[in-house]
Amino acid sequence: MRTTRTPLALAFALSLGLAACSPASEEPAAAPEAAAEAMAADDAETADRDAQTDPMDAVLAGNWRDADNMARDTWRHPRETLAFFGVGPSQTIVEISPGGGWYTEILAALPGEKGSYIGVINDPAKSGNERAQTYYTEANTKLRDKLAARPDVYGDATLVEIDPKAPAFGEPGSADVVLTFRNVHNWVMAGNEAEMFQSFYDVLVPGGVLGVVEHRAAAGKTLAEVKTSGYLPEDYVIGLAEAAGFVLEEKSEINANPADTKDHPNGVWTLPPGNNHEEADGAKYAAIGESDRMTLRFVKPQPESAPAE
């Protein structure tokens with residue numbers, strides 16, 4: 001047990017030293033039993049404080065995180081979002097399509113001895129065209145390089161390549177939580193959204209959580225109206241999960257942005273961090289910030305118990 005000397009303990013030790021040097025007429029030194037009790041209380045206080053330390057504090061402040069990524073915490077709310085999804089260091093965490101690794105810097109550094117991180121990336125050879133193959137080859141290489149650069153932080157992280165048309169993320173029932181951040185619109189445009197959600201369901205343990213963050217379309221918009229904008233109707237995303245067998249447990253407005261009008265010339269990519277807009281409009285879109293996002297927590301139901309005979 002680590003012992004940290006608090007001011008109370010130091011004062012007590014000092015009093016023992018002064019008592020040893022005092023004349024015999026002074027009060028006698030404290031009994032050894034009292035000293036032992038004081039030290040035990042001090043150790044208990046330290047252990048209690050350590051037990052209450054949130055591992056997320058160290059991860060969010062980690063020197064391995066890119067400074068530009070950390071600056072986006074104000075828009076992406078990683079602490080609140082992961083707490084809402086119930087993510088912890090003892091879980092098997094599966095992140096779908098990590099992209100440049102914004103959340104990977106946090107999630108891959110979080111697991112303790114009992115936890116693990118698995119990042120799911122597309123197999124370039126299974127991509128539909130040469131442009132996609134080049135994109136995923138470069139993106140996957142950058143992500144692997146990021147993880148390899150800090151083996152002290154990411155040493156146990158695993159990346160799994162999948163065929164996006166027939167995705168399989170691991171053994172059925174092997175993951176505690178599956179997370180996807182701003183990816184569902186890509187699967188919708190590719191036409192493989194149902195397969196992806198079914199694979200999420202299959203890999204999770206009963207009672208496991210699917211956490212979804214996605215750009216949210218304006219109320220009343222249909223899928224046909226927004227399909228290529230990067231935004232999706234919230235009820236459509238919920239329907240995808242429910243069709244795979246999930247139950248919607250709770251919604252959150254953690255990542256809502258009322259300033260997002262959702263009518264930008266280049267869809268969601270007009271806003272930061274894409275910033276696909278005219279240079280003269282930079283201040284306008286910087287003031288809006290990142291997109292308005294739905295944050296949804298689904299659960300894979302526990303199997304029903306067989307009726308008693």
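Looking at T104 and Y117, their side chains come closer than 4.5 Å, going by heavy atoms from C-beta outward. Counting heavy atoms from C-beta outward, V209 and F298 have side chains that stay 4.5 Å or more apart. Contact of the F181 side chain with the E95 side chain is registered, since non-hydrogen atoms from C-beta on lie closer than 4.5 Å. With a 4.5 Å cut-off on side-chain heavy atoms, I238 and K251 count as touching. Proximity of F169 to P167: side-chain heavy atoms (C-beta onward) are separated by under 4.5 Å at one or more points. With a 4.5 Å cut-off on side-chain heavy atoms, Q91 and P111 do not count as touching. With contacts defined as side-chain heavy-atom distances shorter than 4.5 Å, the pair Q198/D202 qualifies. Contact of the P98 side chain with the Y103 side chain is not registered, since no non-hydrogen atoms from C-beta on lie closer than 4.5 Å.
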Exercise for review: Walk me through it: do D57 and R79 pass the test salt bridge (Lys or Arg N to Asp or Glu O under 4.0 Å)?
Suggested key: CA-CA 9 Å; D57 290 337; R79 178 189 298 280; 2.8 Å; yes
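Ring to ring, Y236 and W187 are not that close: their centroids are 6.0 angstrom or more apart.
Grouped by direct or indirect side-chain proximity (heavy atoms under 4.5 Å, Ile/Leu/Val/Met/Phe/Trp/Tyr only), W269 sits with M189, Y231, V268, L271, Y285, I288.
Between the side chains of S291 and H215, at least one donor N or O sits under 3.5 Å from an acceptor N or O. Side-chain contact check for E225 and T222: at least one donor-acceptor pair (N or O, by modelled atom type) lies under 3.5 Å. Between the side chains of N63 and R150, at least one donor-acceptor pair of N or O atoms lies under 3.5 Å.
Interatomic distance, CG of L240 versus CE of M196, reported as 11.5 Å (0.5 Å rounding). Distance CZ/R293 to CG/N255: 6.5 Å, rounded to 0.5 Å. Considering NZ of K146 and CG of L159, their distance stands at 12.0 Å, rounded to 0.5 Å. For the atom pair CG of N276 and NE2 of H264, the computed distance is 12.0 Å after rounding to the nearest 0.5 Å. Rounded to the nearest 0.5 Å, atoms CG (N122) and OG (S97) are 5.5 Å apart. For the atom pair L179 CG and L82 CG, the distance stands at 6.5 Å (nearest 0.5 Å).
The number of heavy-atom neighbours closer than 6.0 Å to CD of E278, taken from other residues, nucleotides and ligands shown, is 12 or below. Heavy-atom contacts from other residues, nucleotides or ligands closer than 6.0 Å to CG of D163 number more than 12.
A single hydrophobic cluster is seen to contain both L204 and V160, as judged by linkage of ILVMFWY side chains at heavy-atom distances under 4.5 Å, directly or through other members.
Judged by the 6.0 Å distance and 45° axis criteria, R76 is positioned over the aromatic ring of W102.
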